[in-house]
Structures are given as structure tokens and as C-alpha cells.
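Note on naming: letters A, B, ... go to the chains in the order of the sequence lines (proteins, then strands), and numbering restarts at 1 for each one.
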Amino acid sequence: MSEQEHKAIFEEWLHQYQALLFKVVRAYATQKADQEDLFQEVCLQVWRSVPRFKGASAVTTWLYRIALHTAITWKRKINKREEFSILYEQEMPQDDTSSNKNAQLEWLFAEITRLDKIDRSLALLLLDGFSYKEMAEIMGISESNVGVKIYRIKKQLTQRAQKHQAHGL
Amino acid sequence: MDFKDLQKVWNQQTNEPMYIIDQQALYQQIQRRAKQADLIAKTNEWGMMTIAVLTSILLLWIGKDTAYQILASVAMLGTGVYVFWQRRLRLASLSQQPDSILEELDQAITNANYLVRFAQTFVYWFLLPTAAVTIFRMTQKEADPWRWLFILGAFLLSFLIVRWELISKHRPRKRALEELKETLTREVTES
């Protein structure tokens, strides 16, 4: 694979699937500086993975796996920060009509970040509609293991949601 | 509120990016970091191999062809071969494509083990042969006490640095990876 092809595929993936990468980043990093750091790390790993992608799975499955693994291992070295401010020019403006929607989403992201590192990955995959089989393939664990974890995650999230609703938030 | 409601909240997300990305800066940064990581590993390995081979040649070239010197030269060459072999193992492990996060974790643990073993055995495959050769040469030349102090201090320092790296970097990294793997696989056996 030539460098031009490598770069073209990487840019296409980044353009088409950046929302997926941002979801993972938001689930694992809460501070903006951390999000930038993690996004940088995820992009680096995605870049490295381009020549290894043989098309055996969907690009989304591939990118999820790369991004989740990077995020899980990144959590261990969270204190080690670097300056990546040059990568981001500005934050997207949020309009008023979406404020309620965003509040609910913010709450959901906050709850996801309260889960442990592995459960966070599964929660993201679950919410994005991946099947148990796909989740098992991405994570490398058995479907029954996924089932046990998902049951617990669903229970945990719905209980917190009910509590949140009861408090009228 | 049940899980379906949470999914509805989740699905409200649009594909709007959180940031406007400066593609060019990102691309350059990534290339730099990718090259940097590879360069560090390559420099370490080639540096060690060059030192071992050059020392080995130098010993044969400037020496008096005593059995001790030939032995020391072979020992140094063996050090270089060992590093070369380890490098091949490392590259082979990098070329294998993991199919899941668990496999990636396994690969990361293998790499962490490699670094732990490399640091643990550093004394045997590098420090002892090098020290043996150097001290042997110094006993033949009747070096002054300051030189002895300097040489022994240098060996002690390199030993301490490698130990520090082992204790503060490699072992914790390996432990953290193993804990992650345990978390990932624990549930079914517990429930």
C-alpha cells in the first residue's frame, strides 16, 4: 500500500466515521484536554491499523475495536498529557433547540463514564445496536459472558435513569 | 424509564462532529508519533547490536589473541545475537493481526512480558559480559583507583536505571494489562 493510498483511506474513515470515534472518546474522557488527548491516540492507532484492514469485518466494527482498545489502555496513562491544542480549531456551536436533547445525552454519557472500563465499551456497542455475537467478536469474549455483563449494565443504567427521573432532573 | 428509552436518547445523536479537525495538523502529528515510537525501538536495538559487534571486533583487533580475549569477544558477539533474536521475535509479534480486543490485550501482555524479561535478564546478557571484559582488561593494564571507581560506578548506574525502569514502568504496565484481561473475562466464572 502506497503512502497516498494509506492517507486516502485514513482520511475517508476519519471523515465518514468520526462520530463513532467521538462517542468512544466522550465515554472514556470527560475533560476537554483528555478528550483531545484520547482522540489523538485513537487516530494514531486507526492510522496504524489501515494496512492491516483486510475487509473481513465491517469498517465500523473494525474502528470500534481499535477505538475501544485504545481508550481502555489510554485510561491507564491518563496523567501523562501532551499538548494537542493545534489539532482543534474550535468547538461546534450548540443551538438552543437541542439543549434538552443534549442534557439527556450528557446525562447518559456521564452515566456511561461511571461504568468500569470494559463495561463502558459494551454499553457503547449495545447502544449502537451491535448484537451479542458482534460484541463477543469485538471484545474476544464468549457470548454468554457478554450476556452476563449486558444484563448487569442494562440494570444499572435503567435503575439510575429511574432515579434520575424520580428526582425530576 | 427502561433501556429502550435510553436507546432513544442515544439515537438522538447526530453525526455532527464535536470538533472541526485540522486534518493536515492531525496527519502530521500522527506520522511524527508513529515514526517516533518505531525509531525509539529501532535505535535501542540497533544501538545495542552495534555496540556488541564493534566491541567484539575491537577486542580481537587490538588484543594479544589470548584465550580470554577470544572468549570475551565471542561473549560480546553473543550479546548482539541475543538482541537481534529478541528484535525478530518482537517484529513477528507485531505482524500478527489480533481479531479481538482480548487478543490485542494478549498481544500487549506478550509485549509487556518481553520488556520485563528484557530488563530482568539485562544483567546476564549485557552487564555481566561487558563488565567481565572491561574488568579483565583493567586488571591486565593495572588501572588507577579512580578509573576503577568510574567504571564500577558506571556499571552500577546502568544496573540501577534498568531496575528502576523494570519496577516503575514495565511491571506496573504488565500488571495493569493483566488486570484488564481479568476484568474482561471474569464475569461468567463468577456468576
Honestly, the part of A:L126 sitting under 4.5 Å from a heavy atom of chain B is both
With chain A, the option among B:L102, B:L6, B:I101 that has the most non-hydrogen atom pairs under 4.5 Å is B:I101
### Basic-acidic side-chain contact under 4.0 Å: B:E179, A:K117
no
Greatest number of non-hydrogen atom pairs under 4.5 angstrom with chain B, of A:E11, A:K154, A:H15, A:H69, falls to A:H69
Under 4.5 Å to a heavy atom of chain B? For A:F10 that would be side chain
- Query: With under 30° as parallel and over 60° as perpendicular, where do the rings of A:W47 and A:H6 fit, or are they tilted in between?
  - Reply: parallel
Q) Which class fits the ring pair B:Y82 and B:F118: parallel under 30°, tilted 30 to 60°, perpendicular over 60°? A) parallel
Note: vs chain B, highest number of non-hydrogen pairs under 4.5 angstrom among A:L127, A:L122, A:I141 is A:L127
Turns out that what part of A:I112 lies under 4.5 Å from chain B's heavy atoms comes down to side chain
*So, are A:K32 and A:E36 salt-bridged, with charged N and O less than 4.0 Å apart?*
yes
Turns out that what part of A:L157 lies under 4.5 Å from chain B's heavy atoms comes down to both
In this structure, CG of A:L63 is separated from CG of A:L21 (nearest 0.5 Å) by 6.0 Å
When every non-hydrogen atom of A:K23 is compared with those of A:F109, the smallest separation belongs to O-CE2, 3.6 Å
